[in-house]
Number of protein chains: 2
Amino acid sequence: MANNPEIPANTADSTRDAPTCYCPVGGVMELLSRRYAMQLICAVGAIGPVRYNEVEGAFGDVSSSTLSSRLDELVEAEYLSRERYAEIPPRVEYELTDTGEELCHRLEPLLEWVEDQETT
Amino acid sequence: MANNPEIPANTADSTRDAPTCYCPVGGVMELLSRRYAMQLICAVGAIGPVRYNEVEGAFGDVSSSTLSSRLDELVEAEYLSRERYAEIPPRVEYELTDTGEELCHRLEPLLEWVEDQETT
DNA sequence: CAGAATCCATTCGGATACTG
DNA sequence: CAGTATCCGAATGGATTCTG
C-alpha cells in the first residue's frame, strides 16, 4: 500500500535519463517476493481454475497457513479471483484475473528459465 | 493460454503431468526473492558496468549492509561479476555475467510491467 | 571508495490444532 | 473441503560504526 505521493523521479543532476533502471519499484515486488508467490501465479495460469487442494498438491510441501496467506494476498492484489460455490462439500476456485494473466506472461519465461537452470 | 473453458485442463485421472507448473523450483527463486535482487540484476543490465555507489544511488535508500549482501549473493550465484581495480581510491565494477544477462532478459519484461502498474 | 562487522526490530513462514 | 487461529523459531534487512 505504499502509494508514495512523492515520486522519486530523477531529481538528481540528470540532464539525461538513465537507461531504464527498475530500482524504485516498490510494493508489488514485495508481494511477488514472498514465498511461492510467483510460482502460484504461474501455477494457476498453467492449470486454469484451480482448487485449494490442487494447489497444495502441486507444491510438494507447503503449510496451509502460508499458502492461504499467499492466496489471500494475491486475491487482494487482484491477480487472482476467488470464486466460492455454495456446494457441499464446499468448492472454491482460484483463477487469474486479467491483470494476473498479464503478470503470468511476464513470469513464465523467468520461471521456465529458472527451472531449466536447476534441472541441469 | 489454457483459458479455454471448453477444454478441461486437468481431467480426472491424469496419468500425464499437469501443464508446466513451476511450483517445485527452489533455491534460485529464494535468492531472487530477496530484497532488491531482481532490480539489482536489471539495474546492472541497464546501466552496464556499475560501481557500488552508483547502485546505491539508483535505489533511493538502501542500507549498505543489505545492498552489500545482495551484491555478494548475486556474485556468488554467478549472475554478477565483480572486478576490482587496484587504484586509489579503490574502484569496483559489477557487471552481468552471461548467465546474468539471460536472467536479466527474463526479468526486464516483468519489472517494466510492474513499474508501469505502479506509476499509474 | 567500497565495503565488513555488529546488533537488533521486524517479518516471515512452518507446525499444529481447530472450524464452517 | 477449504481454510483460520495461534504460537514460535528463523531469517531478513536496517542502522550504525569501523576499515583497507
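The structure presented is a predicted model; accordingly, all values stated were derived computationally and were not measured. Sequence lines set the chain letters: A, B, ... in the order given, protein chains first and strands last, and positions in each chain run from 1.
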A.B. asks: Whole-Å distance between C/dT11 P and A/Arg34 CZ?
C.D. replies: 10 Å
A.B. asks: About how many Å separate OG of B/Ser81 and CG of B/Leu74, when rounded to the nearest 0.5 Å?
C.D. replies: 11.5 Å
A.B. asks: Is there a salt bridge (Lys or Arg N to Asp or Glu O under 4.0 Å) between B/Glu30 and B/Arg34 once you walk through the steps?
C.D. replies: CA-CA 7 Å; B/Glu30 308 242 325; B/Arg34 283 181 182 51; 5.2 Å; no
A.B. asks: Mind checking salt bridge (Lys or Arg N to Asp or Glu O under 4.0 Å) for A/Glu112 and listing every partner two or more places apart, or none if nothing turns up?
C.D. replies: none
A.B. asks: Using a cut-off of 4.0 Å between protein heavy atoms and nucleotide atoms, how would you tag nucleotides 14-20 of chain C 5' to 3' with B, S and -?
C.D. replies: BBBB--B
A.B. asks: Hey, could you give me the CG/CD distance between A/Leu80 and A/Glu73, rounded to the nearest 0.5 Å?
C.D. replies: 11.0 Å
A.B. asks: Between which nucleotides of DNA chain D, read 5' to 3', does contact with chain B run, using atoms under 4.0 Å from its heavy atoms?
C.D. replies: D/dT12 to D/dG20
A.B. asks: Please determine, for the side chain of B/Asp72, which listed nucleotide (C/dC1, C/dA4, C/dG13) has the closest atom?
C.D. replies: C/dA4
A.B. asks: Find which nucleotide of DNA chain C each of A/Arg70 and B/Arg91 is nearest to by heavy atoms, and output the residue with the more 5' nucleotide.
C.D. replies: B/Arg91
A.B. asks: First locate atom CD1 of A/Ile47, then atom SG of A/Cys42, and finally report the distance between them rounded to the nearest 0.5 Å.
C.D. replies: 11.0 Å
A.B. asks: Taking the side chain as C-beta and beyond, is there a heavy-atom pair between B/Val28 and B/Tyr79 under 4.5 Å?
C.D. replies: yes
A.B. asks: If you measure from CG on B/Leu67 to CG on B/Asp61, what distance do you get to the nearest 0.5 Å?
C.D. replies: 11.5 Å
A.B. asks: Using C1' atoms of five pairs at each end, report the bend of the helix from C/dC1-D/dG20 to C/dG20-D/dC1 rounded to 10 degrees.
C.D. replies: 60°
A.B. asks: Would you please name every residue forming a side-chain contact (heavy atoms from CB on, under 4.5 Å) with A/Thr66, sequence neighbours left out?
C.D. replies: A/Tyr36, A/Val62, A/Ser63, A/Arg70
A.B. asks: Nearest 0.5 Å, what's the OH-CZ distance between A/Tyr85 and A/Arg51?
C.D. replies: 10.0 Å
A.B. asks: Pick base, sugar-phosphate or nothing for B/Tyr94, based on heavy-atom distances below 4.0 Å to the nucleic acid.
C.D. replies: sugar-phosphate
A.B. asks: Go through the structure and list residues passing side chain to side chain donor-acceptor pair (under 3.5 Å) with B/Glu93, not counting sequence neighbours.
C.D. replies: B/Arg91
A.B. asks: Mind calculating the distance between CG (B/Leu40) and P (C/dG3) to the nearest angstrom?
C.D. replies: 12 Å
A.B. asks: With rounding to the nearest 0.5 Å, note down the distance linking CG in B/Asp116 to CD in A/Glu102.
C.D. replies: 9.5 Å
